[in-house]
Amino acid sequence: MIVVPNSSSIFSVIKSSKTLLRFTPMTTSPHNTSTPVVEYELITNTSKLSDALLPLQKARVIAIDTETTGLDPRSDRIRLIQLAIPKHPVVIIDLAAISIDELSPLKQVLTNNAIKVFQNGKFDWQMLGMLGLRPTGSFFDVMLASQVLRSGLKKEHDLKSLALEFLGIELDKSLQSSNFTGKLSNSQLEYAALDAFVLLKLRMQLISRLRSASLLETAELEFAAMPAVAQMELNGMLLDAEQWHLVGEELNQKKQTALVELVEAGLKPTPSAQLSLFPEFTETINPRSSTQVLSALHALNIPIKLTSKSELIPLARQYPIIQLLLNYRKLASLYSNFAEALPKHIHPITGRIHPSYRQCGARSGRFSCKQPNLQNVPRNCTAKGMRNCFIAAPGYQIVKADYSQIELRIVAEISGDTRMLDAYTKGEDLHTLTASLITGKSLEEVTSEDRRIAKSVNFGLIYGMGAAKLQAYAEEKYDVLLTLEEAKEFRKRFFQAYSGVKRWHDRIRRTVYAKDIKQIRTIGGRRRRWAKKPRLSELLNHPVQGTSADMLKVAIARLFELLPKTGAKLIGVVHDEILLECPQISLKRTSRILKRVMVEAGELYLQQVPVEVELTISSSWG
DNA sequence: GGATCTAGCGCC
DNA sequence: AAACGGCGCTAAATCC
């Protein structure tokens, strides 16, 4: 077995005895798979670095992969950097053997004009950036490319799956999580080299497929947004832990009170064979257990089949205990999901929360966010407000900008509904207009209650919601009580008033849904596909939600170029909202840039509807 | 006992 | 005739 030399006195370039494998990429699903072995050069000596990188300086395309000691860019380190160009051994640089300040030849390669190919480049970009080796130029990310290409069909976009599906290459990923801190085995190096090598082949395959599917532009948009997303994660958000603790206390108190009320109202466990073995347990009930709650409510002669919110809400007025139950469940969920959970994510090194954003996390092209999900932090659930606990660092302010009613504007654009277009062109409020149209009142007579009803109608009906759901939705989300008859009537009047929206629904039903077509695109061409027949509502939704995602991505990609000169940092995105942390002195300039960039990004997609952005500056989010 | 599924909560 | 879409997290329930 070949042991990697750690000493620079040893001849440091090892050539694999195996030959560089040449093969033709498969254009159809491969039946025969192989595990090629690629030639590599291992660089463990500063003096060899320049020579080894010489061929890469002129390359048009470089595939880059890294092996690290872990997954956290703030605490883990890169051990190996693998660089692959066509018809040349993969260059593997052992950073354990080369000092950081000797890496300028590498930095030159990482910042040249070549296209840099990555798998999940966000991670490598972050790791390299932490070493002062931030890659620049244009990027190609095979994971993002695969997600764009197969959105809606596949969920697995790891390198192993891609290599197998597009190239028929079997990658042994058992070594991925092996120990990259000590001496490296030959098989570890072969694994590392192969990973970089297949990126070049994957890119060729993916380009051709993206082009055939007219998805190159969408993929390029993802690649352009990638560094912004990577930097956004590194920036993270600052949570005021003391303030947060107070919010938690408030919630906990309310939760305890709610539980007492619930028990006093008569919610108690039902005797069951199992529980009776433990008499002390029969004294309490867990209101978060749907099975316990179901039998407890049955014991009180409340006729329900499920304990779901939609089932319970209609009964809440008749049975006060139901309202108390809903109240408790809400508080308990807020407490465990947010109050308790978020502080666990404060990073020990930075003191900030660094969530993980997936830029193709949703099939529509929207972002998803996890560990923790900061896209669902409650808005108004406590006196103080949870979002207010996310604060700007000293000397900074939080600049928040969101697209105003962007989904409705996109519906107006796509449907061409003249009344909607007219209203937005005149700068009118669409919810008030809808209120006027469904109640028959004049715009001046519309009350705020009418407007609230109209809001639920607007958001509910654009994707074809039925009357029954509209009724439930209006009560649950907007605290609006409608009879089923009223819901039916409002639905009818909505589509009479916005006949263009009706025609849009009919058109999609006729030309896509009825023809069993299993794909649809956004204005910018982003495609979503379905394995089985999509629902009409899904077909209506994707072009709207996806277009909104497209414009957000254009905006953050542009901001990544423009923000450094203001010192502002991108710290979050929430679908139609962008959050920056901005030095006091550049607030005006940054706000101007942010608003302009967002409006221009929106105008790339909306030709007939004005784009409006609402911007606020505050010491906190919220 | 751990992995996975479901219900129910939050957001846009 | 009827149909809103897109996510992630926690606790309870269930599977293996």
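Chain naming here is simple, since letters A, B, ... match the order of the sequence lines and numbering starts at 1 in each. Computed from heavy atoms alone, side chains included, the values below leave out hydrogens, waters and symmetry copies.
For A:Arg451 and A:Asp429, the salt-bridge test passes: some basic side-chain N is under 4.0 Å from an acidic carboxylate O. The pair A:Arg510-A:Asp506 does not meet the salt-bridge criterion, since no charged nitrogen lies less than 4.0 angstrom from a carboxylate oxygen.
Here B:dC11 presents its P atom at 7 Å from CZ of A:Arg387, a figure rounded to the nearest Å. For the pair A:Gln375 CD and C:dG5 P, the computed distance is 20 Å after rounding to whole Å. One interatomic measurement links the two molecules: CG of A:Leu312 to C1' of B:dA7, which rounds to 12 Å at whole-angstrom precision. Rounding to whole angstrom units, CG of residue A:Leu470 and P of C:dA2 are separated by 14 Å. When rounded to the nearest whole Å, the span between CD of A:Glu577 and P of C:dG6 equals 22 Å. Rounded to whole angstrom, the span from the CG atom of A:Leu408 across to the P atom of C:dG5 amounts to 17 Å. In this entry the distance linking CZ of A:Arg535 with C1' of C:dG6 reads 11 Å, nearest Å. What separates CG of A:Leu540 from P of C:dA3 is a distance of 14 Å, to the nearest Å.
Using a 4.0 Å heavy-atom distance criterion, A:Thr307 is classed as a sugar-phosphate-only contact. Contact annotation for A:Gly466: backbone-only contact, meaning every heavy-atom pair under 4.0 Å involves sugar-phosphate atoms and none involves a base. Contacts of A:Gln545 with the nucleic acid, taken as non-hydrogen atoms under 4.0 Å apart, include base atoms. Within the nucleic acid shown, A:Leu374 has no heavy atom closer than 4.0 Å to any nucleic acid atom. Using a 4.0 Å heavy-atom distance criterion, A:Val544 is classed as making no nucleic acid contact.
A centroid separation of 6.0 Å or more is found between the aromatic rings of A:Tyr403 and A:His575.
Side-chain N/O atoms of A:Arg366 and base N/O atoms of C:dG6 include a donor-acceptor pair closer than 3.5 Å.
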task = Starting at the 5' end of nucleotides 7-16 of chain C, put B wherever the base has a protein heavy atom under 4.0 Å, S where only the sugar-phosphate does, and a dash everywhere else.
result = SBBSSSS---
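Atom name C1', nucleotides C:dA3 and B:dC11: the rounded distance is 23 Å, in whole Å.
Judged by the 6.0 Å distance and 45° axis criteria, A:Lys553 is positioned over the aromatic ring of A:Phe367.
Looking only at side-chain heavy atoms (C-beta outward), A:Phe560 and A:Val229 stay at 4.5 Å or farther from each other.
Neither side chain, A:Thr511 nor A:Arg507, offers a donor N or O lying under 3.5 Å from an acceptor on the other. A side-chain donor from one of A:Tyr498 and A:Thr434 sits under 3.5 Å from a side-chain acceptor of the other. When only modelled atom types and interatomic distance are considered, A:Gln405 and A:Tyr424 share a side-chain donor-acceptor pair under 3.5 Å.
Proximity of A:Ser537 to the phosphate of C:dG5: a side-chain N or O atom is located under 4.0 Å from OP1 or OP2.
The only member of A:Ile556, A:Leu615, A:Val597 that meets side-chain contact (heavy atoms from CB on, under 4.5 Å) when paired with A:Ile578 is A:Ile556.
Of the residues in residues 520-533 of chain A, A:Arg528 come within less than 4.0 Å of DNA chain C through at least one heavy atom, sorted by number.
For CD of A:Glu217, the number of neighbouring non-hydrogen atoms (other residues, nucleotides, ligands) closer than 6.0 Å is 12 at most.
When each of C:dG6, B:dC9, B:dG10 is scored by its nearest atom to the side-chain atoms of A:Ser333, the top-ranked nucleotide is B:dC9.
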